[in-house]
Amino acid sequence: MGTGTLHIDLDALAANWRTLDARTGCETAAVVKADGYGLGVASAAKALAQAGARRFFVATAEEGATLRKALGDGPEINVFSGHMATDTDPIRDARLTPMLNDAVQLARHRAALPDAPYGIQLDSGMNRLGMEPADWAALRAEAEAGPLTLVMSHLACADEPDHPHNTEQLRQFTEMTAGVTVPRSLSATGGILLGPAYHFDLTRPGIGLYGGLPFAEAAPVVRLSLPVIQLREVAPGEHVGYGCTFTATRPTRIATLSAGYADGLIRAMSGKARLFAGDTPCPLAGRVSMDLLTVDVTDLPEIPEVLDILCPAQTVDDLAEAAGTIGYEILTSLGPRYARRYTGRAA
Ligand SMILES: *Cc1c(COP(=O)(O)O)cnc(C)c1O
């Protein structure tokens, strides 16, 4: 194998959905945007549907059309970006439910597809998507006159439980949705963990399903194994990689692995991330390049065929911290070159 292998445990994915579902007394949807957070939307969504998810969320209508092919009829597919000018065909053909974000989208949807269901996204203080209180006050009667299925908003700071913006958004959302008779949804993964006041009728977890923070008890879903292409001995004083940023201080054994920043292992990890042979860490030596990593394996008694960069000893969030980013970005950057190998019931 010339490329790495991304092992995806669909049983762990399903277990994470069930654990988050058990945290609330309401319905639990599943967010599978960005190709199921980089893991492959068809397999991820089928496993989540088997676990019991009946409503899915994606970012765009194009993603929704792809998801509909994978899931078939039945599950509801909601689109965060709403109804854009070019979305009428996919919304109709794939039976998608757009989350309408403003007056233009509401008018467009009602005119183009008068009988097609829709949700409304409200802005409760994030200032990213959705109707602001004044827009909503003006549009609410019209919105409630059609086949409205959901009213939702999104929290900006849910991964910081003590952030005062959480209670402020909760207050704003509660006020804006007083008297609404359709299901209401405020929380993604972080909001589920904030407690029952944030749950309303439906939650929308994403990252927690895939094993990422802020869901600290999540079962790990991914393992990323990279093949060793070449081994070499480097004498004290010799350098490794672009810019000669690593200099051997002892007789050093360097393994060259097949993956690099083109595969989402960003250059900012240079000198910080580690590779694992079982539980034994091996530091990166020198800079991450486009297709290759160089790793100091001097302390390994035996060199395995592959080393892991994501595994229980170095989680998605550990790797994110080494790279100065968040687990979401690590997962969604994992490139198309890896062989994605699914294990578990839905595989
Ligand atoms: C991405 C997203 C989610 C899922 O968030 P996680 O933090 O991954 O659980 C839910 N709702 C909206 C509006 C989103 O954009």
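Indexing begins at 1, ligand by ligand and atom by atom, following the structure's order. This structure is a prediction, so every number in the text was calculated from the model and none was measured. Computation of the quantities below employed the complete heavy-atom set of this structure, encompassing side-chain atoms and omitting hydrogens, waters and symmetry-equivalent molecules.
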For each nitrogen or oxygen atom of ligand 1, which protein N/O atoms lie closer than 3.5 Å, and how far apart are they, rounded to 0.1 Å?
from: ligand 1; atom 1: 7 (O); to: Tyr328; atom 2: OH; distance (Å): 2.6
from: ligand 1; atom 1: 8 (O); to: Tyr37; atom 2: OH; distance (Å): 2.5
from: ligand 1; atom 1: 8 (O); to: Ile207; atom 2: N; distance (Å): 2.7
from: ligand 1; atom 1: 9 (O); to: Thr189; atom 2: N; distance (Å): 3.0
from: ligand 1; atom 1: 9 (O); to: Thr189; atom 2: OG1; distance (Å): 2.5
from: ligand 1; atom 1: 9 (O); to: Gly206; atom 2: N; distance (Å): 2.8
from: ligand 1; atom 1: 9 (O); to: Ile207; atom 2: N; distance (Å): 3.4
from: ligand 1; atom 1: 11 (N); to: His154; atom 2: ND1; distance (Å): 3.4
from: ligand 1; atom 1: 11 (N); to: Arg204; atom 2: NE; distance (Å): 3.1
from: ligand 1; atom 1: 11 (N); to: Arg204; atom 2: NH2; distance (Å): 3.1
from: ligand 1; atom 1: 15 (O); to: Lys33; atom 2: NZ; distance (Å): 2.7
from: ligand 1; atom 1: 15 (O); to: Arg128; atom 2: NH2; distance (Å): 3.3

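Under the 4.5 Å side-chain heavy-atom criterion for grouping Ile, Leu, Val, Met, Phe, Trp and Tyr, Tyr342 is connected to Val221 within one hydrophobic cluster.
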Quiz item: Going through the checks in order, is the side chain to side chain donor-acceptor pair (under 3.5 Å) test met by Thr24 and His199?
Solution: CA-CA 7 Å; Thr24 73; His199 296 165; 4.9 Å; no
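Checking Leu257, Leu292, Leu293 one by one against Ile229, the side chain to side chain contact (heavy atoms under 4.5 Å, CB included) holds for a single residue, Leu292. With respect to Pro98, the side chain to side chain contact (heavy atoms under 4.5 Å, CB included) criterion is satisfied by exactly one of His109, Gln105, Met84, Arg108: His109.
A parallel orientation is assigned to the rings of Tyr37 and Tyr210, their planes being inclined by less than 30° (bins at 30° and 60°).
Nearest heavy atom pair, residue Thr167 against residue Tyr198, reads N-OH, 3.4 Å.
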